[in-house]
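Structure first, then comments.
Since we're looking at a predicted model, the values are computed, not measured. Indexing begins at 1, ligand by ligand and atom by atom, following the structure's order.
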Amino acid sequence: MPSGPTPGIHDLSFATTEFVLPHTALAAHNGAEIGKYHVGIGQRAMSVPALDEDIVTLGAAAAAPVLARHGTDRIRTVLFATESSIDQAKSAGVYVHALLGLPSAARVVELKQACYSATAALQFATALVHRDPAQRVLVIAADTSKYALGSPGEATQGAAAVAMLIGSDPALVRIEEPSGLYTADVMDFWRPNYRDAALVDGKKSVTAYLRAVEGAWTDYREQGGRALDEFGAFCYHQPFTRMAYKAHRHLLDVVGRDADRDEIAGAVGPTTTYNAVVGNSYTASLYLGLAALLDQVDDLTGRPVGFLSYGSGSVAEFFAGTVSPGYREHLRTGAHREAVERRRPLDYAGYRALHEWSFPTDGGDHPTPAQTGGPFRLAALRDHQRVYETR
Ligand code: HMG
């Protein structure tokens with residue numbers, strides 16, 4: 001371990017969309033048994049963006065409370081992780097930088113590797129803080145997940161953003177070394193530039209994820225990481241919450257331990273409550289799992305938490321974080337619950353209309369209807385430029 005303070009997550013806040021589609025409405029439309037959704041994949045509802053919401057408005061909404069609490073002076077880097085890019089050249093983070101009034105003396109960049117890139121951002125941020133402990137890095141992970149109507153992936157859609165402030169004396173979680181790493185070129189899930197909905201080989205993606213768990217864990221141990229028994233809980237990337245249970249069962253198999261149902265439920269269950277009603281938020285999903293864990297479990301002070309980040313394609317990382325003393329005073333439990341509870345339910349027709357809508361690409365002036373109740377909105381696409389405003 002390097003000497004000096006251990007950087008980590010000083011604050012964490014998430015935001016989600018204006019609308020929500022309960023899985024009961026999807027099942028009523030497509031004839032699926034509700035047990036397949038509620039039990040089989042472990043999902044109850046999915047966040048659906050309004051027409052004036054996107055990764056920028058969600059990312060800014062997640063980050064605004066963090067900046068209100070801590071100010072902007074020490075932030076010299078903004079790392080925006082997403083796979084729902086709105087532009088091939090300009091970082092979504094630059095729009096957020098403007099909406100939030102961050103200092104001009106800052107570097108802002110967007111990172112991509114499917115659902116994994118928020119973890120890359122977190123690790124890069126801790127390295128920057130090691131180099132200069134006076135600085136803080138704002139990490140934003142924001143995604144809107146979209147699959148074709150009627151496809152097996154449709155029930156796993158979702159959308160959310162997480163903002164994390166990374167600092168040298170973190171109030172929430174210290175990020176430890178080492179990390180276990182794994183990369184394998186696999187076509188399990190991808191989205192060509194000309195498509196707005198992802199393509200996926202669902203069964204292959206589940207196998208690829210489990211193989212990545214094994215690979216990242218094996219490297220973690222070879223690098224001198226903690227033994228399995230030391231961990232108080234495990235946060236997994238959750239494309240659907242049942243996947244966290246499958247992943248943990250697989251990890252227990254890998255280390256030669258009997259997979260006890262209650263043990264698995266105890267280790268991952270508390271991390272799934274937000275994801276079960278938000279759906280797959282890609283880069284944000286793992287850290288929504290952390291938010292759920294911290295917001296619900298009575299006292300995790302000093303406990304190591306295992307993190308498994310997976311991004312299709314594929315890259316995975318296993319690492320540990322230790323929960324800081326006094327962390328409970330810094331949580332945003334009320335705001336997080338409010339974010340999921342305030343969403344307006346859609347019926348199937350309303351959801352379908354939002355799913356099928358897209359901006360014309362003619363360069364004209366295309367204002368969006370005012371739908372979001374969030375603090376920021378995408379007001380128009382005008383001259384091929386996205387126009388954002390504060391509500
Ligand atoms: P499917 O093929 O329609 O579902 O879609 P299924 O038939 O496999 O059923 C799912 C589970 O429900 C099964 O359980 C059924 O037995 C059960 P399992 O065998 O898995 O234990 N089931 C029921 N349970 C109770 N009552 C019932 C009932 N009926 C069935 N009545 C699939 C499943 C995951 C393939 C689909 O949702 C999909 O394609 N999803 C998108 C891909 C995905 O999420 N992959 C996960 C790993 S890849 C990843 O995590 C990366 C990703 O986030 C992208 C990124 O990195 O950017 C996706």
Keeping the roles fixed (side chain from Q371, backbone from L51), state whether a donor-acceptor pair exists under 3.5 Å.
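Yes, because the side chain of Q371 sits within donor-acceptor range (under 3.5 Å) of the backbone of L51.
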
H355 side-chain N/O to Y147 backbone N/O, donor-acceptor pair under 3.5 Å
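The answer is yes, because a donor-acceptor pair under 3.5 Å joins these two groups.
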
For ligand 1, is any non-hydrogen atom under 4.0 Å from I34's backbone (N, CA, C, O), its side chain (CB onward), both, or neither?
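Neither; no heavy atom under 4.0 Å.
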
In ligand 1, which numbered atoms sit nearer than 4.0 Å to a non-hydrogen atom of [X]?
X	result
E33	31 (N)
T156	37 (O), 40 (N), 41 (C)
E83	55 (C), 57 (O)
G153	38 (C), 39 (O), 40 (N), 41 (C)
F240	34 (C), 44 (O), 46 (C)
V200	42 (C)

Worked check of salt bridge (Lys or Arg N to Asp or Glu O under 4.0 Å) between K204 and D188:
CA-CA 6 Å; K204 186 175 179 178; D188 61 332; over 6 Å; no

Between [options], which one has a non-hydrogen atom sitting closest to [atom]?
atom	options	answer
atom 20 (O) of ligand 1	K246, K36, E154	K246
atom 8 (O) of ligand 1	H237, K203, K204	K203
atom 39 (O) of ligand 1	S84, G202, S314	G202

Are Y209 and S314 linked by a side-chain donor-acceptor pair shorter than 3.5 Å?
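The criterion, which ignores hydrogens and geometry beyond distance, is not satisfied for S314 and Y209.
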
Under 4.0 Å from atom 13 (C) of ligand 1, is there any protein heavy atom?
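No, no protein heavy atom sits under 4.0 Å from atom 13 (C) of ligand 1.
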
Less than 4.0 Å between atom 36 (C) of ligand 1 and some protein heavy atom, yes or no?
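Within 4.0 Å of atom 36 (C) of ligand 1, protein heavy atoms are found.
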
Nearest-contact summary for atom 17 (C) of ligand 1 - protein heavy atom, Å
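Here the closest protein heavy atom is G40 CA, 3.6 Å.
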
Note the single closest protein heavy atom to atom 43 (C) of ligand 1, along with its residue, its atom name and the distance in Å.
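Sorting protein heavy atoms by distance from atom 43 (C) of ligand 1 puts S205 OG, 3.7 Å first.
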
Do you know the tightest heavy-atom contact between N275 and T271?
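Result for this residue pair: ND2-O, 3.8 Å.
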
Any salt bridge linking R226 with E176? Criterion: basic side-chain nitrogen under 4.0 Å from a carboxylate oxygen.
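Yes, R226 and E176 are salt-bridged.
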
Lys/Arg N to Asp/Glu carboxylate O, D11 vs R332, below 4.0 Å
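Answer for the salt bridge query: yes.
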
Show the numbers, then the answer: is there a salt bridge (Lys or Arg N to Asp or Glu O under 4.0 Å) between E18 and R343?
CA-CA 5 Å; E18 181 65 15; R343 293 171 300 170; over 6 Å; no

Does Y147 reach ligand 1, in the sense of a heavy atom lying below 4.0 Å from it?
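A heavy atom of Y147 does come that close to ligand 1.
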
Against ligand 1, does A155 come closer than 4.0 Å with any heavy atom?
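Contact absent.
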
With a 6.0 Å cut-off (strictly less than), is the heavy-atom count around CG of D258, excluding the residue itself, greater than 12?
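Not more than 12 within 6.0 Å, no.
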
